[in-house]
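One structure is given below, encoded as structure tokens.
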Amino acid sequence: SQQGEEDPQALSIQEGENATMNCSYKTSINNLQWYRQNSGRGLVHLILIRSNEREKHSGRLRVTLDTSKKSSSLLITASRAADTASYFCATDRSSYKLIFGSGTRLLVRP
Amino acid sequence: GAVVSQHPSWVICKSGTSVKIECRSLDFQATTMFWYRQFPKQSLMLMATSNEGSKATYEQGVEKDKFLINHASLTLSTLTVTSAHPEDSSFYICSARDEILANYGYTFGSGTRLTVV
């Protein structure tokens with residue numbers, strides 16, 4: 001399969017709680033990116049972390065990368081109902097192609 | 001920021017007809033564009049890489065005669081689903097790589113929902 005794996009597949013939390021999503025991949029990468037997709041819409045880029053970086057922050061988002069374990073995590077702090085969406089990790093290898101993980105469907109309950 | 005326009009946003013067509021989907025980079029030049037397919041509640045599967053001025057590179061298992069890709073200019077790539085059948089019904093999304101902004105992620109179109117009846 002060209003896809004990486006993400007877990008959990010689905011996550012339901014209360015507004016204000018933190019949400020953590022994990023991504024594992026199979027090959028060496030140049031960078032790993034996280035995207036968000038609202039139902040039936042296109043993707044919105046959230047954050048990119050390079051292979052030589054271990055952690056990155058952007059607003060309420062925190063991304064970690066462990067290249068030795070070939071895994072990454074996305075943490076959304078103080079979640080809001082508007083954060084409800086599907087979240088995908090995508091790995092960028094040497095050919096500029098993005099290969100997407102299986103995704104996590106996040107539901108933030110008001 | 002970089003914007004990619006995808007058109008149409010949805011289309012319904014009869015079996016056996018062909019459908020063309022356009023993907024335009026509005027404020028940057030994209031030598032490389034990508035076409036993805038997404039089934040309900042599933043991830044994006046890369047179909048092909050579209051290169052300006054040359055033939056597209058298709059992923060394994062994707063029929064190049066079925067999904068014709070043309071990248072005739074630095075701002076436009078088209079995907080034509082030929083002789084469409086109900087199993088081709090899906091959500092198709094394009095993305096474009098801005099050489100300058102690539103370090104900040106790729107830009108995606110809003111997608112096209114194709115329904116073949």
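In what follows, every chain begins at residue 1, and chains take the letters A, B, ... in the order their sequences are listed.
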Query - Part of B:Q38 lying under 4.5 Å from any heavy atom of chain A - result: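 Side chain of B:Q38 only, per the 4.5 Å heavy-atom cut-off to chain A.
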Query raised in the report: Does a donor on one side chain sit under 3.5 Å from an acceptor on the other, for A:T64 and A:S73?
Result: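 A:T64 vs A:S73: donor-acceptor pair found between side chains.
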Report task. Report yes if the distance between the aromatic ring centroids of B:Y36 and A:F100 is under 6.0 Å, otherwise no. Result ->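 Yes; A:F100 has its ring centre under 6.0 Å from that of B:Y36.
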Requested in this report: Please look at A:Q37 and chain B and tell me whether the side chain, the backbone, both or neither of the residue comes under 4.5 angstrom of a heavy atom of that chain.
Outcome: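 The side chain, not the backbone.
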Query raised in the report: salt bridge (charged side-chain N to carboxylate O under 4.0 Å, His left out) with B:R37: which residues, sequence neighbours excluded?
Result: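 With neighbours one apart ignored, the set is empty.
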Query raised in the report: Quick one: which of A:L43, A:L106, A:L11 gives a side chain to side chain contact (heavy atoms under 4.5 Å, CB included) with A:Y87?
Result: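 Of all the options given, the one that passes is A:L106.
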Query raised in the report: Which residue out of A:G103, A:A90, A:G40 racks up the most heavy-atom pairs below 4.5 Å with chain B?
Result: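 Most pairs with chain B among the choices: A:G40.
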